[in-house]
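In this text the structure is predicted, and so the values were computed from the model without any measurement.
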Amino acid sequence: MATFLYSIGRFAFRRRRLVALVWVALLALAGVGAATASTATSNSFSIPGTEAQRAFDLLEERYPGQSADGASARVVFKAPEGEKITAPENAAEVSGIVKELQDGSDQIASVADPFDKKAPAVSQDGTTAYISVTYDVSSFELTEETRDSLKNAGNDAREGGMTVEIGGDALMVMPETGITEVIGVVVAGIVLVITFGSLVAAGLPLITALIGVGIGVSTITALASVMDLGSTTATLAMMIGLAVGIDYALFIVSRYRAELAEGREREEAAGRAVGTAGSAVVFAGLTVVIALAGLTVVNIPILTKMGLAAAGTVVLAVLVAITLIPAFLGFAGERIVSRKDRKARKAAAEQAAATGEVLVGDAPRDNGGTRWARFVQRRPVMVLLAGVIGLGVIAIPAASLEMGLPDDGAQPTSSSPRKAYDLLSDGFGPGFNGPLVGVVDLKNSDDQDAVLKRITGEIQKNEHVAIVTPPAPNQAGDTATFQVIPKDRPNSTETETLVHDIRDLGDTLKSEDGAEVYVTGATAMNIDFSEKMNDALLPYLALVVGLAFLLLMVVFRSILVPLKAALGFLLSVVAAPGAVVAVFQWGWLGGLFGVEQPGPVMSVMPILMVGVVFGLAMDYEVFLVTRMREAYVHGESPAQAITTGFRHGARVVTAAAVIMIAVFAGFIGSSEQMIKMIGFGLAIAVFFDAFVVRMAIVPAVLALLGKHAWWLPRWLDRALPDFDVEGDKLRRKLDGDATEGGSDKEERETVSV
């Protein structure tokens, strides 16, 4: 592997113009594809294998022509203080708006008058009413004229003192991430300048990462309509691609500068940097890809698409790192090194020329990394206990985790959808915003009327039910639908209990009469989604950790090091949900992070955090520990190897973690609760894993294990493929040092006992 990547690095350095041209052409091609592609017209959400999805599919089959993909809206009215919405003057105003909406767009399917006697939509106290609007097309296909017509509905009523708010998905727009996303990139640039001391060296990772992300996101945009990719798919891909793209470039540029410091020519330094650090990049990228692509096992299309799209951007980041980075290093010349280092190197060269000495490179110097490594090795038990106990305390709130999917109730309190949500809740009850849709399959029923009467009667007796609407059969008479309005909030445990109670009733009816009862609707879908996420978490975790364990065993030629890596990850991935619960569910420091309404944690968050953070955590493990492995294989003691690994890797891993945290934290400014939560969760998880697990717990455990950390049974060493990640074969080939190569081999045989 190292030898192959060494050849790629030298080729890219020599043929830098060709390599750069190819990547720029790919960026232009993807950009053109994104610009000319049709807009995604659907943001569909399905959960195969769940009862809510089966009911949804049955509705599409038995009620043809009634598309569930059309946008919808509710225009909610509240009468001025002391008045009724049913007063003649107010009622006339609302009825006029109904007519205005009907004539406002040809995309409207129906507009329901709240004063229609067949289906009234007025609160019991007579102060609140709403107009239901449905459209023939999805929210993404609505024209600006249609949106403007909806937005302007009720302007006259507002001027007359009435409260008018609009909810629903008809006004849904792409989420905004805000200025904090730009701040995240700026912070990354500042960290790179501090790390490298050179604007050129700092700018190179940013430019190459943006090229990779540009190609990835543009490709996703171009395929969005064809593959039904939602807006969050591109956002997650951009988030992950930008973070790993900067990190991978950072590691290769850092190794290139280290090779230059050892006195090597620029092309040779580029080849060796790609051969050694590039090997770590490839395997680190593989762990991220495994984690993201593994989301397919959950069998939820939206999650599968998000995972595969993000995995694609990671593959692009790896390819950019091992090809475009060495090409840009060729363009950068001496400017890749800070002016101070260039002057010092020039002075050393002049002195060596004057004295006739051979300049072989800079001697290793102590830095913050070596001092920290020695501190940990002096007190490994104390550091280990502090890290484990600290993460354990932070993880405590995770025991109170409540999961759900965000709705208008999670929007900022200043937004119209949130105000409409609250008006409906106050006027019609907390459960009105989360109605359950009952679907009865009567195909095998002997007495359909009796079955429907029994179903609605039994459900109405449930203590958690506010209203049950009369069943509405279809034209064929083999299916009927009804609505159940819960007494409690859509995301409450009482509503979840109600859903299961209705399904239990359906099981009884099926065994007695043959009729089948299903429960669907947004609330039921959310409940099923959360349960499916819970059921899939442990199998997914076992699959990802198991595959990555095997991969890391190949990389490190050890059993205990991959085991330690996996256990350390579990610590950080338990602590991170604890922090998410504290902020987003309990509301601690919510104002600081823009959380206006605490509520359940998004159902997809735990499994998404496991997938993304595991891959990123293994990045730091690979980058830090491969340098230790390289030093140990080349003859250093276990303690010296830990110090060497931190001498070369601590500063770079710290910079990489700060950059990744800054990039993820940039998405906390999003107007979309889902993106905000993902950004915070990933940022805090990277913080825990990089600075507590990898920089503290890992060296403490390695110090306690000593040489046993690198133990591998001889039979397993022979069975595992050797990809030469530490560059041992490459070093022997380039240096031609047979004696050193022999000692390396003996050392490895000593390890493999």
Side-chain angles (χ1 to χ4, degrees), residues 177-214 235 238-258 260-261 273 277 281 317 320-321 324-325 328-329 331-344 367-369 372 592-594 616 619-620 623-624 646-670 675-676 679-680 682-692 694-695:
T177 53
I179 190 65
T180 51
E181 180 186 346
V182 178
I183 294 174
V185 177
V186 171
V187 170
I190 294 172
V191 171
L192 288 169
V193 171
I194 294 173
T195 303
F196 289 131
S198 163
L199 288 175
V200 173
L204 196 150
L206 284 174
I207 293 171
T208 54
L210 289 172
I211 290 174
V213 168
T235 305
M238 178 169 61
M239 194 186 297
I240 303 300
L242 190 60
V244 301
I246 294 174
D247 277 5
Y248 295 166
L250 172 63
F251 283 104
I252 290 182
V253 172
S254 178
R255 187 59 184 255
Y256 172 74
R257 284 160 52 104
L260 289 179
V281 164
V320 165
L324 190 58
I325 291 293
F328 276 13
L329 291 173
F331 289 118
E334 295 295 329
R335 291 170 296 176
I336 199 71
V337 181
S338 67
R339 184 175 300 177
K340 179 182 176 181
D341 288 344
R342 290 202 303 269
K343 288 182 178 179
N367 55 25
W372 172 251
L592 180 63
F593 298 102
L616 300 180
D619 279 2
Y620 302 124
F623 289 132
L624 195 60
F646 271 79
R647 174 184 291 117
H648 294 291
R651 186 180 184 188
V652 180
V653 167
T654 299
V658 171
I659 289 168
M660 196 169 285
I661 291 169
V663 171
F664 288 150
F667 290 86
I668 297 175
S670 173
I675 302 300
K676 184 190 296 286
F680 174 84
L682 295 184
I684 200 71
V686 169
F687 175 81
F688 291 152
D689 198 272
F691 293 110
V692 180
R694 307 302 153 192
M695 302 291 283

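Formation of a donor-acceptor pair under 3.5 Å by the Arg651 side chain with backbone atoms of Gly368 is not found in this model. Checked by atom type and distance alone, the side chain of Arg694 never pairs as donor or acceptor with a backbone atom of Val653 at under 3.5 Å. Here the side chain of Trp372 pairs a donor or acceptor atom with the backbone of Met695 at under 3.5 angstrom.
Residues Ile240 and Leu682 are in side-chain contact: their nearest non-hydrogen atoms beyond the backbone lie under 4.5 Å apart. Between Phe691 and Val658, the closest side-chain pair of non-hydrogen atoms falls below 4.5 Å. Looking at heavy atoms from C-beta onward, Ser254 lies in side-chain contact with Phe196 at the 4.5 angstrom threshold.
Counting all heavy atoms, side chain and backbone alike, Pro205 lies closest to Leu192 at CB-CD1, 4.1 Å. Nearest heavy atoms, Ala273 versus Ile252: CB-O, 3.9 Å. Taking each heavy atom of Val320 and Gly212 in turn, the nearest pair found is CG2-CA, 4.2 Å. In terms of heavy atoms, Leu206 sits closest to Gly189 at CD1-CA, 3.7 Å. Taking every heavy atom of both residues into account, Phe328 and Thr208 meet most closely at CD2-CG2, 3.6 Å. Here the closest non-hydrogen pair linking Ala665 and Ala683 is N-CB, 4.0 Å.
Atom CD1 of Ile659 and atom CD1 of Ile190 lie 11.0 Å apart (nearest 0.5 Å). Between the CG atom in Leu204 and the CG atom in Leu199 there is a gap of 12.5 Å [rounded to 0.5 Å]. Taken to the nearest 0.5 Å, the CG atom of Leu242 stands 9.5 Å off from the CE atom of Met660. Note that the CG atom of Leu329 and the CG atom of Leu324 stand 9.5 Å from one another [nearest 0.5 Å].
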Problem - Leu260/Ile336 under side-chain contact (heavy atoms from CB on, under 4.5 Å): CA gap, chis, key distance, verdict - result: CA-CA 10 Å; Leu260 289 179; Ile336 199 71; 4.0 Å; yes
Exercise for the section: Just do the side-chain contact (heavy atoms from CB on, under 4.5 Å) check on Tyr620 and Val686 with the steps written out, would you? Expected result: CA-CA 10 Å; Tyr620 302 124; Val686 169; 3.6 Å; yes
Exercise for the section: With side-chain contact (heavy atoms from CB on, under 4.5 Å) as the test, would you mind laying out the steps for Val652 and Arg255 before giving the verdict? Expected result: CA-CA 10 Å; Val652 180; Arg255 187 59 184 255; over 6 Å; no
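In this structure, Phe331 has no ring-ring contact (aromatic ring centres under 6.0 Å, His included) partners at least two apart in sequence or on a different chain.
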